[in-house]
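Order of appearance sets the numbers: ligands from 1, and atoms from 1 within every ligand. Residues: numbered from 1 along the sequence shown. No hydrogens, no waters, no symmetry mates; every other heavy atom, side chains included, goes into these values.
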Amino acid sequence: MPLVSMRQLLDEAAKGGYAVGAFNVNNMEQIQAIMEAARETRSPVIVQASRGARSYAQDRYLYHLMLAAAELYPEIPMVLHQDHGNSPETCKSAIDMGFTSVMMDGSLMPDGKTPSTFEHNVETTRKVVEMAHARGVTVEGELGTLGGIEDGHGAGVDALAHLTDPDQAAEFVKLTGVDALAIAIGTSHGAYKFKEKPTGATLRMDRLIEIHQKIPNTHLVMHGSSSVPKELQDIINAYGGKLRPTWGVPIEEIQLGIRNGVRKINVDTDNRLAITGAIRKVFVETPEKFDPRDYLKPAREAMKQVVMARMNAFGPAGHAADYQPIPLEEMTKRYAA
Ligand code: G3H
Ligand code: 13P
Ligand code: ZN
């Protein structure tokens, strides 16, 4: 199947009452892990590349790996999405490259750290919506800021400092015309989200529900949604790693979100943990090995298991065959109308 727009996946997910996992990639093994998981669970999927990923891998490599995936997995509807675009220029370069969806994260200034004003956010996001919709490409915006700075995204502040305001969210969607909205409800990027299992005071699902009630027809996006499972932390630490005790977003809270308008769920950290644990295990147990395939193969398998578990938990499993790909040209006409 050709790469499709994210709008099509999210609309279909809304009809089916599920959410599509959006998994970050930087290399071939991560793309292979996701595609194998999608085939085994028969799931649609969003593959996303951050700015860091695009510069690490050289985005042309990533794009062509995705074309290979489309050829090898014709039954899987998939999207290539720019994660956390920091400016209209970044989004334009992704669209020019063939990405079928972009995130314009105007909640922060182009440095990816400083919280911006509502006006700045509306202005930059609207610009990207005009440019992207003219080419049938989907746009995700963000209002409110996540916590954490360890991966270069987020405002570097307490995750509860800039929660999304439900009234502003409604205004933002009206003023920008975004297809999907990422909201801040207390999550942050990376492994260190919560110091203990989150409660209603630290993970504000009540806020998510309030936002959904204000904008029931807007697809909501949860960032920073790795669950940081203890089993994955334990494997890393058992083989010489040094992770401090930490908690992520429980799967049941994500499922509550899905019942309240969440249609895209971003997961990167859990896959990083799975990969790192598997590689550490090989290094410690068989230190004589030096063929990269000896550790990249178990790493890829470990990531596939995490992705499959998320596909089963978020509900897209079994839905790959529901899709008739809508060409981007047709999406352009629909936006114009
Ligand atoms: O947005 C956060 C993702 O985990 C990507 O992180 O910027 O280190 O590639 P990155
Ligand atoms: P995690 O760090 O929780 O995996 O979040 C990833 C993310 O939000 C990418 O945009
Ligand atoms: Zn994110």
Which residues share a side-chain hydrogen bond (donor to acceptor under 3.5 Å, both in side chains) with Arg42, sequence neighbours left out: none
Just go through Asp105, Thr269, Asp83, Val228 and tell me whose heavy atom is the nearest to atom 10 (O) of ligand 2. Asp83
Give the C-alpha distance, both sets of side-chain angles, the deciding distance and a yes or no for ring-ring contact (aromatic ring centres under 6.0 Å, His included) between His212 and His219. CA-CA 9 Å; His212 175 55; His219 303 307; over 10 Å; no
So, Gln82 side chain and Phe99 main chain: donor-acceptor pair closer than 3.5 Å or not? no
Neighbour count above 12 (heavy atom, 6.0 Å) for Glu252 CD: yes
Give yes if a backbone or side-chain nitrogen or oxygen of His84 is under 3.5 Å from a nitrogen or oxygen of ligand 2, and no if not. yes
Could you say whether the N/O atoms of Asn24 and ligand 2 ever approach to under 3.5 Å? no
Heteroatom proximity flag, Val267 to ligand 2, N/O under 3.5 Å: no
Please determine if Leu146 has a nitrogen or oxygen closer than 3.5 Å to a nitrogen or oxygen of ligand 2. no
May I ask you to list the residues sharing a hydrophobic cluster with Met103, side-chain cutoff 4.5 Å, ordered by chain and number? none
Ligand 2 versus Ala191: contacting region, heavy-atom distance under 4.0 Å: neither
At under 4.0 Å between heavy atoms, which part of Met103 makes contact with ligand 1: side chain, backbone, both or neither? neither
In this structure, is the centre-to-centre distance between the rings of Tyr18 and His319 below 6.0 Å? yes
Consider every N or O of Asp270 and every N or O of ligand 2, then say whether any pair is closer than 3.5 Å. no
Where on Asn266 is there a heavy atom closer than 4.0 Å to ligand 1, on the side chain, on the backbone, on both, or on neither? neither
